[in-house]
Amino acid sequence: AFRLPRQLLKFRSYSSVAGPSAQAGDHSGGARLWKILSFVVAVPGVAVCWLNSELTEKEHHAHFERPEFVAYEHLRLRSKPFPWTDGKRSLFHNKELNALPDGYEE
């Protein structure tokens, strides 16, 4: 069997408490800190991002103009009807934005 020389073994410590990191003390209060940070930083941050997106979208919607319909041959191809409603509308159809094969719904 392989044995380490005694000089190498005396540098190795096998105690359960070896250094300053093991003696640093308990780390209680970490969960409380992150809970406070969540409510003080994260929740207001999400609220500010939501408000920014709402105001930006409101500004965009105010001057949005639907493009004119052009019946290109390669768009809105239907090899078979959709299995819902009348078969022309996709599952997430928006009558203001999505055109049918024969034009927008009015």
Side-chain angles (χ1 to χ4, degrees):
F2 178 74
R3 293 186 183 245
L4 291 173
R6 289 187 189 260
Q7 290 83 13
L8 291 176
L9 288 175
K10 71 178 183 179
F11 294 113
R12 177 72 179 157
S13 174
Y14 293 104
S15 66
S16 62
V17 178
S21 63
Q23 300 169 356
D26 77 57
H27 298 282
S28 64
R32 183 175 182 271
L33 171 72
W34 284 104
K35 184 176 182 180
I36 291 171
L37 284 175
S38 295
F39 286 112
V40 173
V41 177
V43 172
V46 169
V48 167
C49 291
W50 172 80
L51 182 64
N52 180 36
S53 67
E54 285 294 316
L55 294 176
T56 305
E57 184 59 30
K58 187 177 182 181
E59 178 184 324
H60 175 258
H61 190 69
H63 68 270
F64 176 74
E65 200 171 299
R66 183 169 70 182
E68 187 177 328
F69 177 77
V70 180
Y72 292 112
E73 294 179 14
H74 65 282
L75 296 178
R76 292 173 285 280
L77 296 174
R78 306 285 193 267
S79 59
K80 62 180 184 176
F82 290 116
W84 44 84
T85 65
D86 63 352
K88 292 183 178 181
R89 293 169 180 81
S90 64
L91 185 60
F92 300 106
H93 181 75
N94 182 346
K95 63 183 175 182
E96 295 174 5
L97 299 175
N98 302 120
L100 296 174
D102 52 349
Y104 290 108
E105 299 176 53
E106 296 299 333

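A quick note: this is a predicted structure, and the numbers were derived from the prediction, not measured.
- Hydrophobic cluster membership of Val43, counting Ile, Leu, Val, Met, Phe, Trp and Tyr whose side-chain heavy atoms lie under 4.5 Å apart directly or via other members: Phe39.
- Partners of Asp102 by side-chain hydrogen bond (donor to acceptor under 3.5 Å, both in side chains), not counting sequence neighbours: none found.
- With a 4.5 Å cut-off between side-chain heavy atoms of Ile, Leu, Val, Met, Phe, Trp and Tyr, the cluster of Leu100 takes in none.
- For Asn94, the side chain to side chain contact (heavy atoms under 4.5 Å, CB included) test picks out Glu96, Leu97, Asn98, with sequence neighbours left out.
- In the hydrophobic clustering, Trp84 connects to Phe82, Leu91, Phe92, either directly or through intervening members, whenever side-chain heavy atoms lie under 4.5 Å apart.
- Glu105 places a side-chain heavy atom less than 4.5 Å from the side chain of His93.
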Side-chain donor-acceptor pairs of residues 57-70 under 3.5 Å, sequence neighbours excluded:
from, atom 1, to, atom 2, distance (Å)
His63, ND1, Glu59, O, 3.0
Arg66, NH2, Glu106, OE2, 3.1

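- Taking Ile, Leu, Val, Met, Phe, Trp and Tyr as members and joining any whose side-chain heavy atoms lie under 4.5 Å apart, directly or through other members, the hydrophobic cluster of Trp34 also contains Leu33, Ile36, Leu37, Val40, Val41.
- Residue pairs satisfying the salt bridge (Lys or Arg N to Asp or Glu O under 4.0 Å) criterion with at least one member in residues 71-84, sequence neighbours excluded, are absent.
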